[in-house]
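Remarks on the structure that follows.
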Amino acid sequence: MANAIAKENVDREKIVHHIDGLFNAFIRKDLDAIRRGHTSDWKGFQVGSQHLVRGIEEYMEAAKQALKNFEGKRYEMLDLDVQVHDDVAIVFYLAKYWTIAPSGGEKAIRLRSVDIYRKEPQGWNQCGSNICTVPE
């Protein structure tokens, strides 16, 4: 039992590290890292999605548009819960993401997300998400 709990804690840490990597990839505008951080069969909703996004190519097109419109500066995780179920994990989080406002100053955006992670041979990777902005 103790080994199972320790393994689950390691999995949680790896997933949290992955999420941190994705936030920082968006801040750096690192399209390769963003692509690697999502499975080829990714499905879900991105901020502002008007339809179900299917597959990494469609995800990346929306990500490119987001990177054109937002200059990310930093983020803070406000609340996070990772539930590991064998080779699948469900992640709930609330974060604050700072961007450069049109005025030149920083603007904080609150994000709410439910992410689905799948354990693959190379490690945990995001295979689905529903992320949206939350009014202050």
Side-chain angles (χ1 to χ4, degrees):
M1 183 70 162
N3 284 344
I5 292 170
K7 181 186 174 304
E8 197 169 297
N9 287 336
V10 168
D11 286 336
R12 279 189 183 102
E13 288 176 19
K14 288 179 179 179
I15 291 166
V16 170
H17 179 73
H18 188 275
I19 293 167
D20 179 67
L22 287 176
F23 268 103
N24 284 300
F26 272 92
I27 290 168
R28 291 189 318 271
K29 297 188 176 199
D30 184 342
L31 291 172
D32 290 333
I34 292 168
R35 179 181 289 273
R36 283 191 312 274
H38 299 83
T39 62
S40 62
D41 62 345
W42 187 96
K43 288 182 182 70
F45 299 97
Q46 294 166 292
V47 174
S49 289
Q50 298 296 312
H51 67 280
L52 180 61
V53 177
R54 292 178 169 90
I56 190 63
E57 297 306 325
E58 197 172 336
Y59 179 95
M60 291 305 298
E61 284 306 312
K64 289 174 189 174
Q65 287 302 314
L67 291 174
K68 285 181 186 176
N69 296 327
F70 295 101
E71 182 76 28
K73 299 307 289 177
R74 58 191 165 91
Y75 86 99
E76 175 186 0
M77 192 63 68
L78 303 174
D79 197 4
L80 173 74
D81 189 294
V82 179
Q83 299 174 2
V84 178
H85 305 279
D86 297 320
D87 290 345
V88 174
I90 304 168
V91 181
F92 301 86
Y93 73 78
L94 182 64
K96 196 174 269 193
Y97 187 68
W98 282 268
T99 65
I100 298 297
S103 64
E106 287 188 352
K107 175 184 176 185
I109 300 169
R110 289 170 46 106
L111 299 171
R112 178 178 62 209
S113 186
V114 177
D115 292 344
I116 309 299
Y117 274 77
R118 183 172 61 220
K119 193 171 195 176
E120 299 185 324
Q122 67 274 21
W124 287 98
N125 208 355
Q126 191 185 106
C127 63
S129 184
N130 181 8
I131 188 166
C132 60
T133 58
V134 180
E136 287 291 330

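On a predicted model such as this, the values are computed, not experimentally measured, just so you know. Side chains are part of it too, since the values below use all heavy atoms of this structure and drop only hydrogens, waters and symmetry mates.
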Open item on the list: Can you confirm whether more than 12 heavy atoms, excluding those of Arg54, are under 6.0 Å from its CZ atom?
Closed with: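 Count not over threshold, so no.
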Task: Flag if over 12 foreign heavy atoms under 6.0 Å of NZ, Lys14 - done: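 Result for NZ/Lys14: open.
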When rounded to the nearest 0.5 angstrom, what is the spacing between [atom1] in [X] and [atom2] in [Y]?
X: Gln65; Y: Glu61; atom1: CD; atom2: CD; answer: 7.5 Å
X: Glu120; Y: Thr39; atom1: CD; atom2: OG1; answer: 6.0 Å
X: His38; Y: Leu22; atom1: NE2; atom2: CG; answer: 5.0 Å
X: Gln126; Y: Arg118; atom1: CD; atom2: CZ; answer: 11.0 Å

Open item on the list: Test side-chain contact (heavy atoms from CB on, under 4.5 Å) on Gln122 and Arg36; report intermediate values, then the result.
Closed with: CA-CA 11 Å; Gln122 67 274 21; Arg36 283 191 312 274; over 6 Å; no
Out of curiosity, does [Y] fall in the hydrophobic cluster containing [X] (side-chain heavy atoms, cut-off under 4.5 Å, transitive links)?
X: Val82; Y: Leu78; answer: no
X: Ile131; Y: Ile19; answer: yes
X: Ile116; Y: Met60; answer: no
X: Ile34; Y: Phe45; answer: no
X: Val114; Y: Leu80; answer: no

Open item on the list: Using a 3.5 Å distance criterion without hydrogens, assess whether the side chain of Asp41 forms a donor-acceptor pair with backbone atoms of Cys127.
Closed with: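 Pair absent, no side-chain N/O of Asp41 close to backbone of Cys127.
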TODO: Verify, without hydrogens or angle tests, whether Glu71 (side chain) and Asn69 (backbone) share a donor-acceptor contact under 3.5 angstrom.
DONE: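 Between the backbone of Asn69 and the side chain of Glu71 there is no qualifying donor-acceptor contact (under 3.5 Å).
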- [ ] Using ring-ring contact (aromatic ring centres under 6.0 Å, His included) as the criterion, point out the one residue from Tyr117, Trp124, Phe23 that pairs with His18.
- [x]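 Going through the options one by one, the only one that passes is Tyr117.
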Check: residues 85-113 side-chain donor-acceptor pairs under 3.5 Å, at least two apart:
{"residue": "Glu106", "atom": "OE1", "partner": "Arg74", "partner atom": "NH2", "Å": "2.8"}
{"residue": "Ser113", "atom": "OG", "partner": "Asp115", "partner atom": "OD1", "Å": "2.7"}
{"residue": "Ser113", "atom": "OG", "partner": "Ser129", "partner atom": "OG", "Å": "3.3"}

Open item on the list: Give me the atom names and distance for the closest heavy-atom approach of Leu31 to Lys64.
Closed with: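 Nearest heavy atoms, Leu31 then Lys64: CD2-CG, 4.0 Å.
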- [ ] Side-chain contact test, heavy atoms from C-beta onward, threshold under 4.5 Å: evaluate it for Arg35 versus Glu57 and give yes or no.
- [x]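 With C-beta onward as the side chain, the pair touches.
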